[in-house]
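Structure first, then comments.
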Amino acid sequence: MTPKLFCSALGVLALLGGAITYVAHAREDDATENAVPVVTGQPMRFDGRTLFFRNLAEGPDSGKLAAVPVADPGAARRVGELHCDRFAAAHGTAICLRLKAGSLPAMTEMIVLDAKLRERHRKTLPGTPSRARVSPDGRFVNWTLFVTGDSYAATGFSTRTGLYEVGTGRLVKTIEELAVFVDGKRYFASDVNYWGITFAADGNRFYVTMASKGTTYLIEADYRAYRGTAIAKNVECPSLSPDGRRIAYKQKVSTGVWRLAVLDLATRQVSHPPDSRPVDDQPVWQGNNTLLYPLRNSSNTLDLWSVGLTTPAKLRVPQATSPSFG
């Protein structure tokens with residue numbers, strides 16, 4: 001439901017060929033909070049020092065791709081013209097998922113972008129945007145879409161996860177043909193769903209959630225061999241740390257409620273960062289010891305938070321979601 005927020009422009013200044021405005025949100029007590037400076041008309045590209053995200057500040061730029069310096073997330077956010085429902089970037093490659101307006105059934109535009117956010121490839125796929133990632137080497141983009149109509153989906157929807165090889169143009173619309181082994185045996189079931197891929201640095205090994213018969217598994221897979229093995233349970237939306245040692249993920253604690261958890265791949269020990277609030281997204285690593293993730297606030301929108309493996313959570317970017325470093 002759209003929150004009852006209002007926007008007021010407090011000033012327009014010329015700035016490097018763009019414009020800067022301050023978007024202020026008021027609560028029911030009329031107390032103005034979270035003034036968000038927004039700079040428009042600025043070029044955007046990957047430089048290794050920028051945090052990208054979907055801008056959720058109310059106004060004409062809401063839903064567009066925005067950016068702030070990693071070192072100063074409170075700075076005025078640069079907002080471009082690219083509108084995405086999901087965004088991810090790595091190593092000069094980006095993916096933008098965008099629901100196609102007016103499509104019935106729902107269709108999503110999968111757009112592959114280069115380091116200057118210029119379009120390289122576009123494909124229309126069935127479903128609604130859910131998750132997006134780019135492999136650390138920039139060779140693969142992957143996505144998860146909610147789809148309807150699958151006969152085995154008792155809830156009325158299922159997920160479909162696919163891959164695109166940027167260099168070759170090979171499109172894998174769904175990884176449902178992946179050969180998966182559970183407890184040493186090839187697993188077959190009609191209700192299998194996959195979502196939330198995360199790639200290792202070599203671009204070949206990846207991890208993904210598989211759900212079947214009421215259980216979620218963490219699958220470790222080899223892309224070239226197209227084979228995967230279940231290595232843990234109750235793991236959703238995995239995110240591999242840059243050093244390849246840990247998987248951060250959503251751990252289900254009750255029906256419809258998840259919290260952040262971290263799996264050590266060597267010891268299989270599970271730990272919990274010091275933030276027990278419910279999460280419902282795929283976390284993003286900032287280095288090897290900090291996680292970035294969106295949380296819903298009291299105004300029913302999302303803010304980006306960070307938490308260390310042992311240090312407290314901090315609000316990083318208000319009214320923002322779908323973070324990615326570029």
Side-chain angles (χ1 to χ4, degrees), residues 2-3 5-25 34-47 49-70 72-90 93-103 106-122 124 128-134 141 143 281 284 292-294 296-297 299-304 316-326:
T2 303
L5 304 174
F6 68 86
C7 308
S8 58
L10 301 181
V12 179
L13 303 173
L15 178 65
L16 299 177
I20 181 168
T21 61
Y22 288 81
V23 180
H25 293 260
N34 294 338
V36 178
V38 175
V39 181
T40 60
Q42 298 295 296
M44 302 176 72
R45 62 170 297 161
F46 305 140
D47 57 11
R49 303 183 298 275
T50 302
L51 170 63
F52 291 89
F53 54 90
R54 271 190 78 223
N55 175 44
L56 299 182
E58 199 79 12
D61 296 312
S62 184
K64 292 181 179 179
L65 185 66
V68 292
V70 172
D72 186 13
R77 62 186 65 178
R78 291 179 289 137
V79 179
E81 292 302 315
L82 183 65
H83 184 284
C84 301
D85 293 305
R86 282 283 174 175
F87 178 83
T93 298
I95 178 174
C96 171
L97 299 180
R98 184 164 62 204
L99 187 64
K100 193 169 183 179
S103 59
M107 302 292 287
T108 290
E109 291 181 314
M110 186 276 291
I111 306 168
V112 181
L113 306 158
D114 67 11
K116 293 184 178 180
L117 296 176
R118 297 174 301 198
E119 184 174 326
R120 298 184 60 178
H121 179 78
R122 182 185 297 234
T124 300
T128 302
S130 174
R131 302 285 183 260
R133 279 295 186 270
V134 179
V141 300
W143 59 88
D281 209 333
V284 172
L292 197 64
Y293 49 99
R296 195 160 297 280
N297 57 37
S299 294
N300 201 32
T301 186
L302 296 167
D303 300 326
L304 286 180
R316 306 305 293 177
V317 185
Q319 299 142 44
T321 189
S322 202
S324 191
F325 295 98

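Shown here are the salt bridge (charged side-chain N to carboxylate O under 4.0 Å, His left out) partners of Arg122, two or more places apart in sequence or in another chain: Glu109, Glu119. The side chain to side chain donor-acceptor pair (under 3.5 Å) test applied to Arg77 returns Asn55, not counting sequence neighbours. Taking the side chain to side chain contact (heavy atoms under 4.5 Å, CB included) definition, one finds that Thr108 meets it with Leu97, Leu99, Pro129, Leu145, sequence neighbours left out. Evaluation of the side chain to side chain contact (heavy atoms under 4.5 Å, CB included) rule for His83 yields Asp85, Arg98 as partners, not counting sequence neighbours. In this structure, Phe53 has no ring-ring contact (aromatic ring centres under 6.0 Å, His included) partners at least two apart in sequence or on a different chain. For Arg316, there are no salt bridge (charged side-chain N to carboxylate O under 4.0 Å, His left out) partners two or more places apart in sequence or in a different chain. Legend: residues meeting salt bridge (charged side-chain N to carboxylate O under 4.0 Å, His left out) with Asp281, ordered by chain and number and at least two apart, are Arg86, Arg131. Partners of Thr128 according to the side chain to side chain donor-acceptor pair (under 3.5 Å) rule, which considers only residues two or more places apart in sequence or in another chain, do not exist here. Partners of Pro60 under the side chain to side chain contact (heavy atoms under 4.5 Å, CB included) rule, at least two apart in sequence or in another chain, do not exist in this structure. Glu81 is linked by a side chain to side chain contact (heavy atoms under 4.5 Å, CB included) to Lys64, counting only residues two or more places apart in sequence or in another chain.
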Criterion side-chain contact (heavy atoms from CB on, under 4.5 Å) on Asp72 and Arg49, from CA distance to verdict: CA-CA 10 Å; Asp72 186 13; Arg49 303 183 298 275; over 6 Å; no
Evaluate the criterion side-chain contact (heavy atoms from CB on, under 4.5 Å) for residue pair Leu82 and Met44; output intermediate values, then yes/no. CA-CA 10 Å; Leu82 183 65; Met44 302 176 72; over 6 Å; no
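Distance alone, capped at 3.5 Å, places no donor-acceptor pair between the Thr301 side chain and the Gln319 backbone.
Ala76 and Val68 make their closest contact through O-CG1, 4.3 Å (heavy atoms, listed as atom of the first residue, atom of the second, distance). Between Asp114 and Lys116, the shortest heavy-atom distance links the atoms OD1-N, 2.9 Å. Ala88 and Ala132 get closest at one heavy-atom pair: CB-O, 3.5 Å. Of all heavy-atom pairs between Leu304 and Thr321, the closest is CD2-CA, 3.9 Å. Of all heavy-atom pairs spanning Val36 and Ala57, the tightest one is CG1-CB, 4.1 Å. When all heavy atoms are compared, the tightest approach of Leu51 to Pro323 is CD1-CB, 4.1 Å.
Here the OG1 atom belonging to Thr124 is positioned 8.5 Å from the CD1 atom belonging to Ile111, to the nearest 0.5 angstrom.
Evaluated for a side chain to side chain contact (heavy atoms under 4.5 Å, CB included) with Cys96, the options Leu113, Leu117, Leu65 yield exactly one hit, Leu113.
By the 30° and 60° cut-offs, the orientation of the rings of Phe46 relative to Phe52 is perpendicular.
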